[in-house]
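Predicted, not measured: the structure shown is a model, and the values here were computed from it.
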Amino acid sequence: MVGQAARRRWLQVAVVLPLSMACVGPTDRTRVTGRMLPGQIRFVTIVEADPGESGGWRAACIHIRSSRDNTGQSILCRFGIETPIHNVEGPISTPLAQRIAADRINEATQSIFSAATLESPLGMLCESVKATLRTTVPASIAGSRVPSECHARSVPVQFGDFNL
């Protein structure tokens, strides 16, 4: 009996110790909260598409807020997402464009900001997000682009609360 009780106690310690150690992680990493939902992206039609032909254009404006908890420093990372309405692959519905844009933004922000530290310059993080999106958005929707400036007719959508 004593041997079994000691063995059970050892197993409890052996299981609990690694779990408690796994919960202790670096505290200088970014907390990435929230996700952009497809419906939050407000595309506006800039150029109508001719029926059955490639063309047409829509644009959205995204603002991502990131802040540094220890200093209160904050920036608003601004960029546009522009997609064709109809490209060589066929028509692209607004809900599809919204879903793809939201997915790419969420992937980029999660990847970039979750790897950030307290020393990471906020402006560089913003530029890294834009650089990532300039690759991933056109790879998902041929003919898309991610300009640094939002189109004048697009409506800004603020997203995120990234705290370092």
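Side chains of Ser148 and Arg134 form a contact here, defined as non-hydrogen atoms less than 4.5 Å apart. No side-chain heavy atom of Ile64 sits under 4.5 Å from any side-chain heavy atom of Leu76. Put simply, the side chain of Asp103 does not reach to within 4.5 Å of the side chain of Ile100, judged on heavy atoms. The side-chain heavy atoms of Thr45 and Ile85, taken from C-beta on, include a pair separated by under 4.5 Å. The closest side-chain heavy-atom distance from Thr136 to Thr132 is below 4.5 Å. The shortest side-chain heavy-atom distance between Ile41 and Ile81 does not fall under the 4.5 Å cut-off. In this structure, Ile92 and His86 have side chains that are not in contact, with every pair of non-hydrogen atoms separated by 4.5 Å or more. Ser66 places a side-chain heavy atom less than 4.5 Å from the side chain of Phe113.
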Is there a side-chain contact (heavy atoms from CB on, under 4.5 Å) between Arg58 and Val44 once you walk through the steps? CA-CA 5 Å; Arg58 66 171 63 93; Val44 295; over 6 Å; no
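Under the 3.5 Å distance criterion, the side-chain polar atoms of Asn87 are matched with a main-chain donor or acceptor of Ala142. With hydrogens and angles disregarded, no donor-acceptor distance shorter than 3.5 Å links the side chain of Gln110 to the backbone of Glu107. Without hydrogens or angle criteria, Ser111 side chain to Ala108 main chain gives no donor-acceptor distance under 3.5 Å. Ser128 places a side-chain N or O within 3.5 Å of a backbone atom of Met124 that can act as its donor or acceptor partner.
For the residue pair Gly55 and Ala49, the shortest heavy atom distance occurs at O-CB, 3.6 Å. Among all heavy-atom pairs drawn from Ala101 and Phe43, the shortest one is CB-CZ, 4.3 Å. In this structure, Ile141 and Ala97 approach most closely via the heavy-atom pair CD1-CA, 4.1 Å. For the pair Ser144 and Pro138, the tightest heavy-atom approach, listed with the atom from each and the gap, is O-CG, 3.4 Å.
Here Met36 contributes atom CE and Arg104 contributes atom CZ; the two are 14.0 Å apart, rounded to the nearest 0.5 Å. Interatomic distance, CD1 of Ile105 versus CG of Leu37, reported as 11.5 Å (0.5 Å rounding). Atom-to-atom distance recorded for Cys126:SG and Ile112:CD1 is 10.5 Å, nearest 0.5 angstrom. Atom OG1 of residue Thr83 and atom CD of residue Gln98 lie 9.5 Å apart, to the nearest 0.5 angstrom. For the atom pair CD1 (Ile62) and CD (Gln40), the distance works out to 9.0 Å, reported to the nearest 0.5 Å.
Side-chain atoms of Thr94 and Arg42 include no donor-acceptor pair closer than 3.5 Å.
Evaluation of the salt bridge (charged side-chain N to carboxylate O under 4.0 Å, His left out) test over residues 70-94, restricted to residues two or more places apart or in two chains, returns Glu82-Arg145.
When the shell of 6.0 Å around CD of Glu48 is examined, it contains 12 or fewer heavy atoms from other residues, nucleotides or ligands.
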